[in-house]
Structure formats: structure tokens, C-alpha cells
There are 2 protein chains.
Amino acid sequence: MCAWLTDETRQDMAEERFSKEETLKMRQRLIGQSCRLFYSEDPVKIIKARGQYLFDENGQRYLDCISNVQHVGHCHPAVTKAAADQMDILNANSRFLHDNIVLYAERLAATLPKKLSVFYFVNSGSEANDLALRLAEQYTQHEDVIVLDHAYHGHLKSLIDISPYKFRKLAGQKEWVHVAPLPDTYRGLFREEHPNPGQAYANTVKDLIEEISRKGRKIAAFFAESLPSVGGQIIFPQGYFTKVAQYVRSAGGVFVVDEVQTGFGRAGSHYWAFQLQGEDFCPDIVTMGKPMGNGHPLACVATTAEIAGAFTANGVEYFNTFGGTPVSCAIGLAVLDVIEKEDLRGNAIRVGAHLKDLLKKLQQRHEIIGDVRGVGLFVGLELVTDRQSKRPATNTAAWVIKRLKEEDRICVSTDGPWENVLKFKPPMCFSMEDAELVVQSIDRILTDMKAKDLKLENEDI
Amino acid sequence: MCAWLTDETRQDMAEERFSKEETLKMRQRLIGQSCRLFYSEDPVKIIKARGQYLFDENGQRYLDCISNVQHVGHCHPAVTKAAADQMDILNANSRFLHDNIVLYAERLAATLPKKLSVFYFVNSGSEANDLALRLAEQYTQHEDVIVLDHAYHGHLKSLIDISPYKFRKLAGQKEWVHVAPLPDTYRGLFREEHPNPGQAYANTVKDLIEEISRKGRKIAAFFAESLPSVGGQIIFPQGYFTKVAQYVRSAGGVFVVDEVQTGFGRAGSHYWAFQLQGEDFCPDIVTMGKPMGNGHPLACVATTAEIAGAFTANGVEYFNTFGGTPVSCAIGLAVLDVIEKEDLRGNAIRVGAHLKDLLKKLQQRHEIIGDVRGVGLFVGLELVTDRQSKRPATNTAAWVIKRLKEEDRICVSTDGPWENVLKFKPPMCFSMEDAELVVQSIDRILTDMKAKDLKLENEDI
């Protein structure tokens with residue numbers, strides 16, 4: 001392997017061109033302000049990163065608990081080398097035959113149920129979900145879509161339409177979109193104490209389908225993230241997907257799982273988070289994105305031969321300029337290799353379990369921690385003002401995030417409809433020590449809050 | 001500069017893993033067949049490329065006349081180095097402050113009219129056009145869109161809706177979409193001999209706006225490629241954009257130019273093809289894509305502070321996971337540098353003029369050449385069965401493309417509603433010799449056709 005960048009070169013490259021203040025001013029002037037910064041009151045300038053660590057312009061190190069895109073670690077040398085080597089050889093479009101695209105598709109197919117054997121490569125999770133919609137419509141010849149409450153499937157017009165998280169703030173709900181309750185067993189309709197929450201939540205979809213049918217409308221697809229992310233790091237009750245798939249298919253629709261946030265082994269025990277729902281469940285379409293290229297714009301739709309066949313049968317070409325180029329596929333292959341070679345799924349199981357365990361212990365000592373949930377390195381910590389009412393402790397969550405950044409240089413962020421769920425979805429090389437560090441910090445901050453008798457929830461912070 | 005890949009390594013990297021037959025079989029099995037191959041009857045396997053040349057698995061060289069994406073040349077070492085260096089340092093998302101994104105936006109701003117000062121970075125021309133639609137709708141609070149006949153603006157659901165080239169074969173025309181005649185002065189409504197085709201075509205838009213207004217509908221945007229590409233390599237008559245902009249703005253709409261195919265100096269004389277319409281024309285939104293990252297998924301929307309402000313005012317974040325990362329921007333900056341350092345605009349002027357000149361001479365000797373048109377390295381050669389009726393010589397165009405590939409290893413393709421326009425939009429390093437080679441080859445093929453008295457247009461080839 002060619003050592004094509006010495007540490008000195010890295011240092012040079014990472015030098016700033018502008019002071020942080022200047023960068024911020026230019027950003028405010030030149031970049032659309034809808035593109036928000038983390039810690040908007042005092043944003044962080046990051047100029048280097050490695051593994052699970054970020055470095056600011058003063059060389060200060062931050063522990064990164066949120067960058068699920070940099071899946072195998074920031075700036076992994078094997079990924080960089082694969083990209084650079086292929087960029088030097090060829091990066092033509094996929095209208096020419098090339099080995100990388102077929103090799104990569106074959107490697108992905110090996111991680112999925114046999115039925116999901118046809119691939120379309122695109123540039124983002126949003127492009128993948130948009131194509132999934134097109135595939136579902138073409139195959140079913142239906143139009144309507146059922147989505148889960150609080151879901152987010154992407155920034156494109158078509159996806160805002162199927163994302164309650166966005167459309168409620170924008171154009172509103174279209175007549176072809178139907179929202180099913182989020183199967184949240186902590187604060188949803190049916191909770192942990194319910195004898196069969198999976199079946200109960202599936203019944204809500206069944207009822208919705210009947211209601212839609214009575215209106216004379218027809219279901220093209222049921223869309224769900226395998227583990228809802230902006231919805232609040234939710235883990236579905238067992239049996240939910242299998243039952244829903246049965247109802248959706250009976251109505252002539254297809255089941256689309258959005259693995260954009262959760263795929264590629266983040267769950268640890270399984271390569272795809274939908275597999276947590278058991279072997280008797282197989283989706284019709286799977287979309288993948290964020291972690292796929294470790295930061296490179298790479299995403300994908302996997303589907304069945306039947307659905308792909310129906311899409312081909314319309315006779316219209318699907319051409320995605322950058323989708324499936326030799327470079328994108330070389331990067332994707334390198335990511336798969338690193339996941340295996342470094343046993344990152346094993347690491348997600350071990351470190352994820354340790355993190356959850358430590359947070360559960362923290363919950364015993366801090367009343368404000370209402371729930372700890374997660375699987376592998378996808379973990380949520382839900383803060384509530386009291387455990388009975390489960391009133392979201394939104395301000396406290398924001399305050400913890402701020403102090404973690406300012407006092408300990410740890411990047412965590414919040415999710416959930418009330419932004420009261422601290423989310424952990426770090427690069428998969430996250431270590432036992434990292435987990436201990438972040439939990440100790442949260443402990444100290446919550447302890448300090450109690451000591452000072454801080455009541456943040458009634459304040460306008 | 002670190003010589004991080006020797007020629008020997010390049011050779012190794014470019015070795016095949018599968019035979020061509022095997023690759024093709026795997027592709028047919030694993031990749032959606034809507035993703036078509038060039039030369040579908042006998043596709044080409046390309047394993048290396050450099051500049052304007054492609055190399056197949058046997059080391060055979062092909063001259064590439066069509067890859068406008070690989071704008072500064074396939075595998076340009078300066079672009080590869082910029083990507084690799086930045087990948088090794090940092091590729092976090094744009095929620096952290098970073099110099100590359102602001103530096104890149106500033107460099108792009110310098111190429112545009114002052115009014116276009118705010119940027120959104122995305123991953124593809126399709127994502128850019130989808131965002132342009134959202135910006136236009138949010139700013140105008142109108143919904144309707146006027147597009148040109150035969151236009152193609154991308155593969156997303158929202159863009160198929162505004163692409164007659166696609167929607168005619170798919171879901172059909174939506175009630176909020178209106179199609180204006182393509183200002184084609186060769187075979188359109190108003191031709192070269194018309195005293196003022198620019199005004200005449202602009203009047204068709206004016207009439208359309210009045211018709212839309214009578215229906216009680218309101219225009220959000222007029223969308224047009226600066227030089228329609230799949231429409232048939234069309235050059236607009238002077239004055240068209242200025243007049244249309246006036247009518248569209250009077251109706252409360254904005255003017256969006258799609259520079260995805262044509263930007264970054266392809267026109268030679270101007271950085272952006274819309275600037276061919278004169279200094280008194282300035283669009284409200286410009287979308288960029290294909291050539292921007294020389295093959296890296298990189299695209300952008302540029303707009304005014306007013307439009308960006310209206311988009312911010314809705315209070316909803318726009319987050320594009322991979323948009324504007326340090327790596328994407330480093331690549332974009334490297335492309336801008338190469339365009340300048342290698343005077344690729346100068347090359348586009350010189351070589352483009354020579355190519356057009358040679359093709360014009362060819363037209364004098366071959367009746368089948370109905371029209372030669374173009375600007376810089378965006379050139380079209382339209383074949384017709386006779387010059388009076390202008391009946392498209394579609395079969396002959398396909399036959400020329402096939403023979404250029406088989407006999408001379410030259411990649412050219414067709415465009416236009418009848419696929420009878422040979423299009424040239426090569427990497428910008430295309431040389432005088434390359435231009436001469438392709439014109440000689442076309443001459444030989446057309447001469448041979450005449451000698452053999454081949455009449456292909458009535459055959460089902």
C-alpha cells in the first residue's frame with residue numbers, strides 16, 4: 001500500500017484558510033441559511049477527523065457519537081485508497097460495462113434475502129427512496145402510500161410528501177398519503193405492558209388499509225424505516241413487520257424498508273435492521289444510503305426480479321449520471337471489506353451492549369431518564385420530566401447536548417418529535433472507553449443539575 | 001506532489017476480474033435492466049480512461065466524444081489528488097463549519113452575475129432541479145411550471161413531471177405543467193428565415209402564460225436548459241431568454257436555467273451557456289451538475305438572496321447528507337482550477353470552431369446532413385432524408401454511430417426527439433486532431449453509404 005500522504009502533508013492540508021469568524025461570515029453570506037449548522041449559537045469548525053474523533057481548528061479533539069455516515073470511521077485509509085486508486089484508473093458512467101458494479105451488487109446480494117436480487121445505484125438515500133416510490137407505483141399500478149407518524153424519508157419533493165416530520169411544517173398531507181401510528185412501545189398507543197404490541201400496531205395498519213379501500217383508493221406501498229431515527233430511535237415490537245407485510249400485500253401494495261440510517265451492520269446482530277423482525281419477514285424493496293460510501297455520495301435500491309421487471313416493462317430508461325460508477329462501487333466494496341476485516345458488527349454488538357448497559361445503570365440513579373433503548377450502535381436515551389406522565393424533557397436534553405460539547409467535547413444530538421431523545425449512532429469503531437466517557441459525562445451533567453436543583457423545563461432556554 | 005500510483009499499479013488495478021461475457025451476464029442478472037448499456041447489442045467494457053480516451057479490456061483505445069461529465073478529462077491527476085488528499089483529512093457533513101464550502105461558493109459566485117450569490121450543494125443535477133422547484137414554489141407561492149417541449153430535467157418523480165421527454169412515455173402531463181414550443185430555428189415553428197425568431201418564440205410563452213392565467217392558475221417557474229440537450233443540441237435565437245424572463249416575472253414566476261449539461265465553460269466564450277443570451281439576461285435560479293465534479297457526484301443550486309431568504313423563512317431545515325462535504329468541494333475547486341490553468345474554455349472555442357467548420361464542409365458534400373449547429377464543445381449534426389422535408393434520418397444516425405464504434409472506435413451518440421442528431425460534447429481537452437479524426441470517419445461512412453446506395457430509412461434496422 002502506497003503511503004501517499006505523510007503526517008506532515010496531512011498537517012498542511014488541514015490548515016485553515018480563513019479564521020473561524022471569517023468562515024462563519026462567508027457561510028452566512030454564501031450558503032442558504034436553511035442549511036443549518038450544528039450548535040448554531042456557537043458552531044464548531046472541524047478541520048480533521050480520524051476514526052470516531054473530530055479535530056477543530058485549535059487541534060481540540062471531539063468524540064463523535066452521531067456520524068453514522070462515516071460508518072467505518074472518519075477517513076479510513078482503506079476507503080481513501082480504494083477511491084484514489086480507482087479515480088486514477090476510470091470513473092466513466094454505468095452505460096459502459098464494468099466489473100465493479102456487478103461485483104458490488106453481488107456482494108450486497110449476499111447480505112440480503114435471496115429474493116432481493118436486483119440493484120439500482122444512486123447518489124443519496126433521497127434518490128433511493130424516490131426511485132423506490134417509482135418502482136412501487138409502476139409495479140402495483142396504485143398510487144397511495146402508508147407511512148409511519150414522524151417519519152423522515154428525504155429532502156426531495158416526493159419524499160417530503162411521505163414524511164410527516166416535514167410535510168406537517170410545509171405543504172401538508174396529500175390525499176394519497178396515509179399516516180399510521182408509530183409503533184413506539186415507550187410512549188405510543190400500545191406499550192411494553194401490552195400482551196402483543198406487534199399485532200396491535202399491525203392492526204392499526206390493517207384498519208387504515210380498510211379505511212383507504214372504502215374511499216376507493218389503492219395502496220402502492222407501505223414505507224418504513226427499519227428503526228425510526230428522527231422519530232426517536234424507536235425499536236419496533238416483534239411481529240410488526242411480518243403482519244403489516246401480510247396486510248399490505250393483501251391490498252396489492254409492496255413493503256419498502258428504508259435502511260438509509262440503519263443498514264450495514266449498525267444493529268450488530270444483523271446486517272440489516274429489518275432482519276431484527278425475524279426470518280419470516282422479507283421486504284419487497286430496500287433502500288440504502290448514508291453509511292454505504294463512508295461519506296461518498298452512494299446509495300442504492302434493492303428489489304425483487306418481479307418488481308424490477310415491471311419497471312423495465314414500461315420501456316423507459318432509468319439513467320443516473322453518477323450512480324454505480326467504478327469509483328462509487330470501489331468505495332462501497334472497500335466499506336464492506338472493512339466491516340468484515342475489522343469485525344465492526346462484533347464491535348457494534350459488544351460496545352452497543354456496554355453503552356446500553358451503562359445507560360441503564362444511569363437510569364437507576366437519574367429519574368429524568370425515562371427510557372434507554374437500542375440495538376447495536378443505534379441507541380436512544382429518552383429524557384422526561386417525570387416517569388409517570390412521560391412529559392418530554394426537551395430543554396434538559398438541549399442543555400445536556402450543549403454541556404457535552406462545551407465541557408467534554410462530545411458530539412451527541414437529539415431526535416424524536418419533542419427532541420428529548422439523546423441519540424447515539426457513532427462510527428462503528430466506537431470503543432468501550434468512548435462509551436464509558438460519554439456516559440460518565442452525562443452522569444456528571446445530570447448530577448450537577450440535581451445538585452443545583454435546576455428545573456429547565458419551564459424555562460424558555 | 002506525491003506519485004501515489006505508478007504506471008504498474010495502474011495496470012494492475014485495471015485488470016479484469018471477470019471476462020466480458022461474465023460481466024455482461026452478471027449485469028443482466030443483478031442490475032435493473034432499465035439501466036441501459038451503450039451499444040446494447042454489443043456493449044463495450046471499459047476498464048481505463050485518460051483525458052478524452054477510453055480503453056477496453058483488450059487495451060483498444062476509443063475516442064470519447066460524449067462524456068461531458070468527465071469535463072476536464074477522464075482521471076485528471078489534479079482532481080484525483082485533490083479528492084484523495086481531502087478524503088484523508090476530513091469528509092464530515094456540512095453542519096460543521098469548513099473552509100472548502102465557503103471558498104467554493106465564493107469561486108462559483110465569481111463566475112455568475114452578482115445577483116446569484118447564494119448556493120446550495122447537492123449530489124446530482126436531479127437533486128438540484130428538485131430543489132429549484134421547491135425554491136420557486138416557496139418564493140412565489142405559486143405551483144405551475146412552464147417547460148420546453150422535449151425537455152429533460154432529471155430522473156426524480158418531480159422532474160419527470162416537468163420533462164415532456166419522459167412524462168409522455170410515463171404518467172402523462174400534470175395539470176400544473178405547461179409545455180411551450182422548443183425554440184428550434186432549424187425545424188421548429190419559427191425558423192432561421194424568420195425576422196425575429198427570439199421574439200416569436202418568446203411570444204409563445206407569453207400566450208401560454210395568458211392561457212394559464214385565464215384558467216386561474218399561477219406560474220411558479222419557467223424552466224429551461226440553457227442549450228437543450230436531449231431536445232437535439234439546440235441553440236436558442238437571440239433575445240429569447242430576456243423576453244421570456246420579462247413575461248414570466250410579470251406573471252409572478254421565476255426563471256430557472258438548467259446548466260446541468262452545459263455549464264463550466266463548455267460554450268467556450270462564456271462560463272455559463274445562459275450568458276450566450278446576452279448581458280441583459282439574468283436568471284433567478286441556476287442549477288448545475290454533471291461536469292461539476294468531473295465524475296464525482298456533485299451538483300448545486302445558485303439563487304438570489306431574496307429567493308434563499310423566502311426558503312429560509314419557512315423555518316424548515318434543508319439538510320443534504322453528502323451535499324457540500326469537504327471532499328466534494330475540494331474536487332469542485334480542483335475542477336475550476338484545471339479549467340483555468342489549462343485554458344479549457346480557450347480550447348473549447350478553438351476546437352469547437354474547428355469541429356463545426358469541418359462538419360459544415362462535410363455538409364456541402366453530403367445531402368443527408370441537414371444542419372450543423374453548436375457553440376464551443378457542444379455541437380450537433382442533424383441528419384435528414386432530404387433537406388426540404390427535413391424528415392429525420394434516424395436509422396442512418398444509428399448506423400453511423402454503430403460504424404464509428406466498430407470501425408474506428410469513436411464514441412458518439414444521438415439525441416433529439418427523433419434520435420437523428422449526432423451529438424458532440426466531449427471532455428474539454430478534446431483536440432484539433434480528435435475533431436479531424438471523427439469528421440474524417442463520418443465522411444468515410446457517409447461516402448461508403450452513398451457508394452453502396454444504402455437507403456436505411458425505410459428499413460427496420
Side-chain angles (χ1 to χ4, degrees), chain A residues 2 4-5 10 13-14 16-18 23-24 26-27 30-38 43-46 48-49 75 80 83-85 87-92 95-97 99 102 105 118-120 123-124 130 134 155-158 169-170 290 295 297 308 311-312 316-318 320-322, chain B residues 2 4-5 10 13-14 16-18 23-24 26-27 30-38 43-46 48-49 75 80 83-85 87-92 95-97 99 102 105-106 118-120 123-124 130 155-158 169-170 290 295 297 308 311-312 316-318 320-322:
Chain A
C2 170
W4 47 269
L5 270 179
R10 275 179 57 85
M13 283 286 303
E16 287 185 281
R17 281 172 186 262
F18 309 113
T23 306
L24 181 57
M26 289 173 74
R27 169 122 180 178
L30 290 159
I31 306 297
Q33 290 302 295
S34 305
C35 305
R36 296 204 189 136
L37 289 164
F38 277 133
V44 180
K45 183 169 184 179
I46 296 297
K48 280 201 297 186
C75 304
T80 306
D85 288 0
M87 277 189 86
D88 190 56
I89 298 295
L90 177 73
N91 198 26
R95 279 170 173 157
F96 295 105
L97 280 178
D99 289 342
V102 297
V118 182
F119 297 82
Y120 299 85
N123 309 300
S124 66
D130 185 271
R134 291 187 59 196
H155 56 72
L156 298 169
K157 269 175 69 75
S158 63
K169 304 174 199 165
L170 292 165
K290 294 187 189 290
F311 195 60
T312 307
V316 175
E317 180 180 11
Y318 177 78
N320 188 305
T321 301
F322 310 121
Chain B
C2 171
W4 46 269
L5 269 179
R10 274 178 57 84
M13 284 286 304
E16 286 185 282
R17 280 169 187 264
F18 309 112
T23 305
L24 182 57
M26 289 173 76
R27 168 117 182 184
L30 290 159
I31 307 298
Q33 290 303 295
S34 306
C35 306
R36 297 204 190 136
L37 289 164
F38 277 132
V44 179
K45 184 168 183 180
I46 296 298
K48 279 202 298 186
C75 304
T80 306
D85 287 359
M87 277 189 88
D88 190 57
I89 298 295
L90 177 74
N91 197 25
R95 279 170 173 157
F96 295 105
L97 280 178
D99 289 342
V102 297
E106 193 166 65
V118 183
F119 297 82
Y120 299 86
N123 308 300
S124 66
D130 185 272
H155 56 72
L156 299 168
K157 268 174 70 74
S158 62
K169 304 173 199 166
L170 292 165
K290 293 186 189 289
F311 195 60
T312 307
V316 175
E317 180 181 11
Y318 177 78
N320 188 305
T321 301
F322 310 121

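So that the names make sense, note that chain A is the first sequence line, chain B the second, and so on, each numbered from 1. All heavy atoms count here, side chains included; hydrogens, waters and symmetry mates do not.
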| field | Contacting moiety of B:Phe311, where chain A heavy atoms sit under 4.5 Å | value |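 It is both, since atoms from each part get that close.
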If you take all heavy atoms of [X] and [Y], which pair is closest and at what distance?
X        : Y        : value
A:Tyr120 : B:Cys35  : CD2-SG, 3.7 Å
A:Ser34  : B:Val316 : CB-O, 4.0 Å
A:Ala84  : B:Thr80  : O-CG2, 3.7 Å
A:Cys75  : B:Leu90  : SG-N, 3.4 Å
B:Phe322 : A:Pro297 : CD1-CA, 3.4 Å
B:Leu30  : A:Val102 : CD1-O, 3.5 Å

So which of [options] has the biggest tally of heavy-atom pairs under 4.5 Å with chain A?
options                    : value
B:Thr321, B:Ile31, B:Asn91 : B:Ile31
B:Gln33, B:Met26, B:Arg36  : B:Arg36
B:Arg17, B:Glu317, B:Arg27 : B:Glu317

| Atom group of A:Leu170 that falls short of 4.5 Å from chain B, counting heavy atoms |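 Contact with chain B: side chain only.
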| field | A:Arg134 vs B:Lys157 side-chain heavy atoms within contact, under 4.5 Å | value |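 Sidechains of B:Lys157 and A:Arg134: in contact.
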| request: Evaluate side chain to side chain contact (heavy atoms under 4.5 Å, CB included) for A:Lys48 paired with B:Ile89, printing each intermediate quantity in order. | output: CA-CA 5 Å; A:Lys48 280 201 297 186; B:Ile89 298 295; 3.9 Å; yes
| task | Name the member of A:Ala308, A:Ser158, A:Gly295 that forms the most heavy-atom pairs with chain B at distances under 4.5 Å. | result |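 Of the candidates given, the most pairs with chain B belong to A:Gly295.
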| task | Go through the steps for A:Asp99 and B:Lys45 under the test side chain to side chain contact (heavy atoms under 4.5 Å, CB included), then give the verdict. | result | CA-CA 9 Å; A:Asp99 289 342; B:Lys45 184 168 183 180; 2.7 Å; yes
